[in-house]
Structures are given as C-alpha cells and as structure tokens.
Amino acid sequence: MAEAPAETSPQNARPGDGTPLPIPVAPLSPLGVRHGRPRWTRPRTWPQQWLNLIAYWCASRLVMLALLRRGAGDIALEVHEYYHHWSHVLSQGSFPIGDVTWQYPPGAALVMTAPNLLPGLSYLQAFVLLMFAADAVTLLALLRAGTGRPGHSTAGAWFWALGLPLMLQLAYARYDILVTAIGVLGLLAMPGRPLRGGALAGLGALIKIWPALTVLGTPRGRATRHAWAAVLSSAAAIFLLLATVFRGALDFLAAQHHRGVEIESLGGTALNLARLVGWPGRVELRYGSMEYLGPYVSSVARASLVLTAISFAWLLLWRLRARRWTPATPYDAALTAVLLFTVTSRVISPQYLVWLIGLGAACLTVRSTTQRPVAIMLLLAAAVTTVDFPLFFGAVVNSSWQGFAVLALRNGLLLAATLLSCVRLWRAAC
C-alpha cells in the first residue's frame, strides 16, 4: 500500500517542491474587515442595526430642527442676542471686554466666529448647521468605538441618539453640543492615542473648561504622562494664539468671579424652598442668567465653591488610591468628575445635560462600565430638565410650588446619580 503523503504545513512549504503555497490572508481590522477601506466608510456593508440607528437619528433630528424653526419660546434668543453680537466684537480683534455676560474661556471665540465662515447662510442657520454636524460626528464616533471589538457595544451610540432629543431643540440652540463632541472624541481616543486625546481635551478646555477632566482616568504611566502633557501644551498653544489675535483674553474671569447663585442650581433649589416659606430674597437677571439676590445668598455661593473644592480633593484621593484599571475606567472617571463639578456648581444651566449625555454615551461603548444605572438616571434628569426649561421656567423663576417640585426632582436625580457614580467608581478601582 502506498504511503500517504506527509502533511505539509504552511510553515514548512518551500517554493519549487510541488507544495502549493498558502494564500496570504490580511488580518482583520478592529471593525471586522480586511485591512483597506474601513467598513464604517462603506454604507452598503453596514449591518441592519446601524441602519436602524441612523434612521432613528435622522428622524429625531428632523423633529428637533422643526421645533427650532418653529421658534416656540424663542429658545434660540441666546444665539441671536449674544453669540451673534460677540462674533461682531471678535471680528474687530477684541474679546467682549467689560461685558458681564461673556463668561467663557478664550477658545469660545472660535465657536462664535465659525458661523461667519459659512457663506450664504444667516448666523443662526450657520450655527445650527455646525451643531448638527457636531451631533452627527459624535454619533459616528460612538458607533465606531462600540463596534467590532470584544467587550464593546453600540449601546453608547443608541444612548446618544435617544438622549439628545429629550432636550428638544435646546441642544441646537447652544454651543455645548460642539464642546461635547470634542470632549467625547478626545475621551474615545485616550486609550489608544493619549496624545491625540489629550490635545482634544486641551482644545475643549479652552472652550468650556470641563473637557480637561476627561484625562483624569487615564492609566498610570506613559499614557497619563502623554495625555496630561498634551492637555497642557495644546491649551497653552491655543491660548497664546488667541491672546495674540484678540485683546482681553482673560477678561472673562472677572464675570465668572462675580457670578451668584443661579436659580436652577442645587443652592438655588434650597433658596427656592426658603422663598416659599418666607425668605425675602428675589430673582433678577444678572450675568446672563436668573440669579437669587438677598440675605444668605453669598453664603450659599461660598458653600458651593467649598463643595467643588471637596469634590476635587475626592477625585485626587481616588486617583491616588485606584489600583484596578479596566477599559471602561477612563470613561467612568470622566463622567464622575464632570457630574461632581456640575452638581456643586453655582450654575446648572439646562444645556449642561448635553455634556452628561455625551459622557454617559462614552461609558456605554464599553460593556464593563460601572455607570450603566447612572446613565439611566441621566436620561430621566434630561427629560425633567425639559419640563423645567422651557415648559415650567416661569414657575421656577416665580418660586411657585410647581416650579420647586420640578427643580427638586431634576436636581435630586442629578445628586443621586453623582453619589451613585462616585460609589461605583470607587468600588471598581480601589
């Protein structure tokens, strides 16, 4: 009987010995396709789940745009009266010096002037188009981050698509959605590309401070050094550029320093209750928001600053005590940090929920996140925020029982979400 030929493996195959050489197969990319053009750039290859998500996103955003066009409550008044005016001032080479409503870091100048670069559109139309684009970029980034890698999920993309419409048209009438896009892109880039992630965080911090907190959860060692150095260097470089181009780059600090207790903050909720039971304080428009004036307001404002300092100390303690890092830790830590600084702030504007929805979405791109119940609470808080503003805002300003109930529910949800976020982050890492 003839002996069966010895099995030849691809490793011992030699040219010219009659053994067919193996056909080389390209390794799979993180998105589950061969090296070459990524799957996410080829819509014809998208799975049904992606198509369902994008169809919902398109439909919900059309509703948001329709609400904005309808102009109910003139929710875009801030864009008309403030952003557009500031863009004119900036075009003359100066920040709005002496304008107490200008309370934004120098990088906000980039946002205010960007709509002027789009020809053929009014300022509002160009602004909304930019926010719409930021929304779309955020969705695609979350979808890409949650697809094709073990332990990742598209739940984050769905959370963003479902959460933002709870704010109705407000998200497109403020620039927080653009800052959120920068913060989320930097956070998603942090694990693999800490330099890029840190540079984006630095850019975001020059626009609205909080994106600097997204580097808090980077793993110890090289990743942290690269991310933190990139934050500082990119923020410094952008600041120097803007300070060279525009006069009065630090003028915003004076307005921030003199801000009081805004009616929608946690301190404002306490003063709302006090007003209902006889406290003689009043509400006035100051520094661009509705603030309380009267006895003990300054004490409440100082208490808020003390709580912010305590929150920062707790975050540093967590960072020093943390021993376990998972793929979700950078995202979870970012959400916890921003929640802490939001609830202890003297101001909690409705659009701040856009930041939290974005960071919650980033957490949900990783299945091992500890923040899933926190994210659910944020969805509820976003829905109640819409009841607060614009639906019941008059009742909140007038300190009625209905306004207090709505505000107490929203801020109660935010406070509970913050405490739960801290506990779950600590238990997972320490």
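With sequence neighbours left out, the ring pair (Phe, Tyr, Trp, His ring centres under 6.0 Å) criterion links Y56 to no other residue. Here F132 pairs with W57 under the ring pair (Phe, Tyr, Trp, His ring centres under 6.0 Å) rule; sequence neighbours left out. Annotation: side-chain contact (heavy atoms from CB on, under 4.5 Å) contacts of T342 (sequence neighbours excluded): V338, I348, Y352, W355, L356. Not counting sequence neighbours, H80 has no partner by the ring pair (Phe, Tyr, Trp, His ring centres under 6.0 Å) test.
Within a 6.0 Å sphere centred on CZ of R319, heavy atoms belonging to other residues, nucleotides or ligands number more than 12. Annotation for F404: atom CZ counts as buried by contact number, over 12 foreign heavy atoms lying within 6.0 Å. Residue R427 places its CZ atom among 12 or fewer non-hydrogen atoms of other residues, nucleotides or ligands, all under 6.0 Å distant. Within 6.0 Å of atom CZ in F392, 12 or fewer heavy atoms from other residues, nucleotides or ligands are found, so the atom counts as exposed in its surroundings.
The distance from the OG atom of S299 to the CG atom of L271 is 10.0 Å, given to the nearest 0.5 Å. The distance from atom OG of S60 to atom CG of L65, rounded to the nearest 0.5 Å, is 9.5 Å. Considering OG of S289 and CD1 of I263, their distance stands at 8.5 Å, rounded to 0.5 Å. Rounded to the nearest 0.5 Å, atoms CG (D388) and CG (L353) are 9.5 Å apart.
For an aromatic pair to be called close, the ring centres must be under 6.0 Å apart, and Y83 with F127 satisfies this.
In this structure, a donor-acceptor pair under 3.5 Å is absent between the side chains of Q371 and R424. A donor atom on one side chain and an acceptor atom on the other are found under 3.5 Å apart for D99 and T101. Side-chain polar atoms of T344 and S304 form no donor-acceptor pair below 3.5 angstrom.
For Q125 (side chain) and S122 (main-chain N/O), a donor-acceptor pair under 3.5 Å exists by modelled atom type. In terms of modelled atom types and a separation under 3.5 Å, the side chain of R220 and the main chain of L320 share a donor-acceptor contact. Formation of a donor-acceptor pair under 3.5 Å by the E291 side chain with backbone atoms of G260 is found in this model. Between the side chain of D135 and the main chain of M131, no donor-acceptor pair closer than 3.5 Å is present.
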- Task: Please test E262 against R346 for salt bridge (charged side-chain N to carboxylate O under 4.0 Å, His left out), starting from the C-alpha separation and ending with a verdict.
- Result: CA-CA 6 Å; E262 190 258 349; R346 291 170 292 172; over 6 Å; no
- Item | Check against side-chain contact (heavy atoms from CB on, under 4.5 Å), V89 and F95 | CA-CA 7 Å; V89 176; F95 285 96; over 6 Å; no
- Message: Using side-chain contact (heavy atoms from CB on, under 4.5 Å), reason through F312 and T308 one step at a time and then give a plain yes or no.
- Response: CA-CA 6 Å; F312 186 70; T308 299; 5.8 Å; no
- Task: Could you check R149 against T365 for side-chain hydrogen bond (donor to acceptor under 3.5 Å, both in side chains), going step by step and ending with a plain yes or no?
- Result: CA-CA 10 Å; R149 288 179 289 175; T365 61; over 6 Å; no
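Closest of all the heavy-atom pairs between W102 and A108 is CH2-CB, 3.8 Å. Taking both residues in full, the closest heavy atoms of T244 and L240 are given as OG1-O, 2.7 Å, listed atom of the first, atom of the second, then distance. Here the closest non-hydrogen pair linking L203 and S234 is N-OG, 4.0 Å.
In this structure, W426 and W314 have tilted ring planes: the angle between them lies in the 30° to 60° band.
Here ring pair (Phe, Tyr, Trp, His ring centres under 6.0 Å) pairs that include residues 138-160, with residues two or more places apart or in two chains, number zero.
For the side chain to side chain contact (heavy atoms under 4.5 Å, CB included) test with Q169, the passing option among I75, V128, T386 is I75; the others fail.
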Show me the side-chain donor-acceptor pairs of residues 405-420 shorter than 3.5 Å, one per line, residues at least two apart or across chains.
residue	atom	partner	partner atom	Å
R410	NH1	T385	OG1	3.2
R410	NH2	E264	O	3.0
N411	ND2	E264	O	3.1
N411	ND2	S265	O	3.3
N411	ND2	T269	OG1	2.6
T418	OG1	L414	O	2.7

